[in-house]
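In what follows, a single structure is set out as structure tokens and then discussed.
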Amino acid sequence: MSRLNPRQQEAVSYIGGPLLVLAGAGSGKTSVITRKIAYLIQQCGIRAQYIYAVTFTNKAAREMKARVGSLLRGAESKGLTVSTFHNLGLNIIRKEHAKLGYKPGFSIFDEGDIKALVSDIMQKEYAGDDGTDEVLRQIGSWKNDLILPDAALAKARNPKEQTAAVVYLHYQRTLKAYNAVDFDDLILQPVKLFQEHPEVLEKWQNRVRYLLVDEYQDTNASQYLLVKLLVQGRAQFTVVGDDDQSIYAWRGARPENLMQLKEDFPSLKVVMLEQNYRSTSRILKCANILIANNPHVFEKELWSDMGHGDAIRVIRCRNEDAECERIALEILTEHLKTDRPYSDFAILYRGNYQAKLMELKLQHHQIPYRLSGGTSFFARQEVKDLMSYFRLLVNPDDDNAFLRVINVPRREIGSATLEKLGNYASERDLSLYAACDEIGLSAQLDSRFTERLVRFKRYMDQLRQHCAQNEPIAALRSMVMDIDYEHWVRQNSSSDKAADFRMGNVWFLIDALKNTLEKDEDGAMTIEQAIAKLVLRDMLERQQEEQEGADGVQMMTLHASKGLEFPSVYIMGMEEDILPHRSSIEADTIEEERRLAYVGITRARRNLAFTFAARRKQYGEVLDCLPSRFLAELSADDLQWEGQEDAPVAVKAARGNEALAGIRSLLKK
DNA sequence: TAACGCTCGTTTTTT
DNA sequence: ACGAGCGTTA
């Protein structure tokens with residue numbers, strides 16, 4: 001407590017009722033949450049098993065766990081729950097699966113599975129999968145808003161929505177038949193469960209006697225409802241958030257949940273954390289001025305006593321090439337001159353595509369870098385294949401996994417056989433897997449084909465037994481050998497090098513599984529649970545983090561930078577149509593773009609520089625660029641312009657040309 | 001079943 | 001401009 005400032009102390013010790021902590025960037029919100037957990041246990045005598053802390057990312061949960069652990073004796077924190085929303089939901093479903101109609105070992109469908117499934121339904125129902133993406137988005141937003149298929153159907157006002165609602169209905173039924181849930185269900189199903197079974201809700205409310213929620217501005221409608229249900233009655237909770245750092249509205253986040261809280265809990269107490277322990281006051285002034293352009297319900301202004309600091313630089317570059325070159329050279333010279341490690345520097349950008357050229361320039365100057373984001377490990381072919389084997393192993397009803405795996409490697413089971421199998425299975429309400437060795441099927445199918453199906457099923461059944469009895473990891477390793485997956489990978493890779501890489505991923509995946517099983521504190525984790533965790537990305541990050549210490553310039557999107565800090569920050573591409581992004585200008589969601597810039601600025605501890613290009617190649621042609629309007633909004637006395645021409649004039653032009661730019665981008669369309 | 005050519009898009013992505 | 005993904009074709 002002694003090391004906290006008065007506001008933070010207040011936030012920690014207030015337990016009289018619902019509490020909202022508006023925590024500005026770098027104001028020590030993680031300290032507040034972790035200290036509060038310790039306070040609840042040590043000062044208030046609440047046992048750890050009754051305390052639940054919820055975050056959005058595995059990383060945040062892990063960090064929080066570690067920090068709480070260092071504040072408490074081991075025994076005191078035993079039973080404490082610190083998890084992501086999705087993990088909490090998963091645990092609720094796992095414990096209550098019977099009431100929700102799921103069997104143990106249910107699968108979690110990822111983005112790819114969902115897309116395949118919806119596309120499949122569209123094909124069947126509408127003889128074409130045109131508009132899958134739109135339907136997918138619609139279903140997602142319905143789920144985020146807790147609208148179930150029936151309600152969606154009733155609510156649909158136009159043909160498009162009606163189509164989506166019908167697909168949604170089929171989609172949800174199919175998931176159930178596959179004994180599977182999607183990411184949204186991990187929140188939605190617990191909410192449904194609690195609404196329909198008050199006695200179950202009561203049980204959980206008794207378990208969750210104090211709830212803490214991090215990054216509250218990022219909650220969506222169903223997450224908020226889950227929170228509300230859990231705290232109902234007792235109203236003992238603390239949520240921490242910052243409306244100015246809400247950058248996920250496009251994903252369903254509802255920053256207005258911050259406001260809603262005041263209506264739903266009139267006794268809500270609000271504490272603002274405005275002292276920043278990260279940045280120089282110049283950087284904070286800059287951030288404050290920028291964000292003041294957004295409307296606010298809670299006025300807050302960050303300040304710090306870290307000194308005034310250096311001027312913030314705005315660097316105008318000839319083109320995108322010069323921009324990247326400039327950043328690379330500057331980091332190189334700074335590193336050589338001052339011996340600061342490369343990891344002190346971060347390069348932030350709006351879109352991943354901006355990273356390409358930057359990467360090349362860093363490589364050219366032999367500057368080590370670390371790139372975060374990009375193609376997901378789980379999007380890789382070999383990872384999906386293996387994951388499907390795992391899933392089918394623990395959940396034989398998972399038709400998606402079955403179909404993915406049945407001919408990988410080739411088992412000479414063609415589309416005609418699969419179609420017959422599919423028809424037979426759906427007539428009898430069986431899964432594809434279960435239908436394989438049905439007597440009735442052999443009447444409809446030549447024995448050559450049924451034999452192949454049966455052989456596959458026998459193998460998987462035997463493997464499942466092997467898994468349950470002995471070392472599951474050993475079983476999975478031998479599976480990779482049995483099916484000669486390596487041969488398949490080599491056949492389907494462009495080069496030996498690529499094949500080696502892909503096999504590396506295969507073994508990495510199995511290793512990750514092994515580590516999770518071993519590292520589980522209680523030692524009670526089943527292979528099913530480990531696989532579920534794998535889909536939720538947990539542990540994988542843990543593994544990657546172990547290799548993380550390496551020195552290197554950090555490159556990432558502005559979105560990915562939230563929650564991080566760096567001594568020196570470069571924000572590149574400060575141009576109209578990039579930041580703010582063109583589509584945001586068109587959709588009139590400038591405010592979120594401004595928050596994105598705000599997040600970027602507040603990542604910097606000491607040095608901050610913006611770069612922009614006067615012209616850049618885009619969509620195949622060289623276009624003139626306007627400096628971002630956000631540069632014009634900042635205070636001129638704190639900015640130091642570099643680069644040819646009278647740059648500030650150009651900014652004025654950008655301001656005056658706002659309307660023109662809007663028309664221009666419309667014309668382009 | 002592979003290969004070729006065409007079309008289309010080209011923001012962010014915690015789980 | 002360029003590549004990914006898809007559909008057609010041999």
Side-chain angles (χ1 to χ4, degrees), chain A residues 54-63 83-90 108-115 119 128-130 132-133 136-137 140 143-144 181-188 213-220 222-223 245-253 320 348-357 372-376 378-379 407 410 412 414-415 491-492 494 532-541 556-564 573 577-587 589 592-593 595-597 599-600 616-623 665 668-669:
Chain A
V54 183
T55 65
F56 274 85
T57 64
N58 292 309
K59 197 174 159 202
R62 227 174 304 128
E63 255 170 44
S83 80
T84 61
F85 263 104
H86 290 84
N87 229 319
L88 175 65
L90 174 64
I108 301 169
F109 274 22
D110 68 17
E111 227 65 47
D113 295 304
I114 286 162
K115 204 169 170 176
S119 160
D129 64 351
D130 282 0
T132 298
D133 287 335
L136 225 42
R137 242 204 346 267
K143 285 197 154 193
N144 276 334
V181 296
D182 61 20
F183 285 137
D184 296 327
D185 279 334
L186 292 175
I187 314 295
L188 194 80
V213 183
D214 191 19
E215 303 280 15
Y216 187 72
Q217 76 284 348
D218 289 339
T219 52
N220 63 30
S222 54
Q223 283 157 345
Q245 290 187 70
S246 159
I247 53 175
Y248 285 106
W250 53 276
R251 266 199 135 210
E320 74 273 26
L348 310 181
Y349 35 82
R350 177 67 234 258
N352 275 314
Y353 68 96
Q354 291 171 272
K356 266 190 203 155
L357 188 56
S372 54
T375 6
S376 156
F378 285 91
N407 266 321
R410 286 269 106 86
E412 297 176 291
S415 52
Q491 258 183 345
N492 289 286
S494 49
K533 281 198 105 152
L534 202 66
V535 183
L536 290 183
R537 314 270 156 110
D538 201 357
M539 83 173 46
L540 182 81
E541 292 159 17
M556 68 192 79
T557 61
L558 287 159
H559 282 90
S561 75
K562 196 172 76 158
L564 305 175
D577 287 1
I578 295 182
L579 184 68
H581 193 271
R582 194 163 118 198
S583 47
S584 294
I585 298 172
E586 279 160 22
T589 53
E592 181 145 315
E593 297 288 303
R595 290 192 289 267
L596 204 47
V599 166
R616 82 167 62 227
K617 219 189 284 177
Q618 245 174 344
Y619 314 119
E621 52 181 342
V622 179
L623 295 172
S665 60
K668 263 184 221 151
K669 243 180 123 187

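In the text below, chain A, chain B and the rest are named by the order of the sequence lines, each starting its count at 1.
Between B:dT14, B:dT12, B:dT15, one nucleotide has an atom nearer to the side chain of A:Asp218 than all others, and that is B:dT14. Comparing B:dT15, B:dT13, B:dT14 by their closest approach to the side chain of A:His559 singles out B:dT13. When each of B:dT14, B:dT12, B:dT11 is scored by its nearest atom to the side-chain atoms of A:His581, the top-ranked nucleotide is B:dT11. When distances are taken from the side chain of A:Thr57 to each of B:dT11, B:dT15, B:dT12, the shortest belongs to B:dT15. Counting only heavy atoms from C-beta on, A:Phe56 has its side chain closest to B:dT14 among B:dT11, B:dT14, B:dT15.
Across the strands present, B:dT11 finds no partner; the criterion is a Watson-Crick or G-U wobble pair with both atom distances under 3.5 angstrom.
Rounding to whole angstrom units, OH of residue A:Tyr353 and C1' of B:dT13 are separated by 16 Å. The nearest whole Å value for the distance from the CZ atom in A:Arg616 to the C1' atom in C:dA1 is 15 Å. Counting to the nearest Å, the C1' atom of B:dT13 and the CG atom of A:Asn58 are 14 Å from each other. Rounded to whole Å, atom C1' of B:dT12 lies 14 Å from atom CD of A:Glu111. Residue A:Glu586 contributes atom CD, which lies 13 Å from atom P of B:dT10 at whole-angstrom precision. A:Leu186 has its CG atom 16 Å from the P atom of B:dT14, to the nearest Å. Summarising the geometry, the separation between CD on A:Glu621 and C1' on C:dC2 is reported as 14 Å, rounded to the nearest angstrom. For the pair A:Ile585 CD1 and B:dT12 P, the computed distance is 16 Å after rounding to whole Å.
Among the heavy atoms of the strands, none lies under 4.0 Å from A:Asp110. The residue A:Glu592 sits apart from the nucleic acid: no heavy atom pair falls under 4.0 Å. Here A:Ser583 lies in heavy-atom contact (under 4.0 Å) with a base.
To the nearest whole angstrom, the two C1' atoms, one in C:dC2 and one in B:dT13, are 24 Å apart. One P atom belongs to C:dG5, the other to B:dT12, and the distance between them is 15 Å to the nearest Å.
Remark: A:Leu536 CG to A:Ile108 CD1 distance equals 4.5 Å, nearest 0.5 Å. Here the CD-CG distance, from A:Gln223 to A:Asp184, works out to 9.0 Å after rounding to the nearest 0.5 Å. Atom CG of residue A:Leu90 and atom CZ of residue A:Phe183 lie 10.5 Å apart, to the nearest 0.5 angstrom. A distance of 10.5 Å separates OH of A:Tyr349 from OG of A:Ser561, quoted to the nearest 0.5 Å.
Both thresholds, 5.5 Å between centres and 30° between ring planes, are not jointly met by A:His86 relative to the base of B:dT15, so the two rings are not stacked. Both geometric conditions, a ring-centre gap below 5.5 Å and a plane tilt below 30°, are not fulfilled together for A:Tyr248 over the base of B:dT12.
We find that A:Arg616 and A:Asp577 are not joined by a salt bridge, their nearest charged nitrogen and carboxylate oxygen being 4.0 Å or further apart. Salt bridge present: A:Arg582 and A:Glu586 bring a charged side-chain N and a carboxylate O closer than 4.0 Å.
In this model, a side-chain donor or acceptor of A:Arg251 finds a partner on the base of B:dT15 within 3.5 Å.
At the phosphate of B:dT12, OP1 or OP2 sits under 4.0 Å from a side-chain N or O atom of A:Asn352. Using a 4.0 Å cut-off, no side-chain N or O of A:Ser584 falls inside it from OP1 or OP2 of B:dT12.
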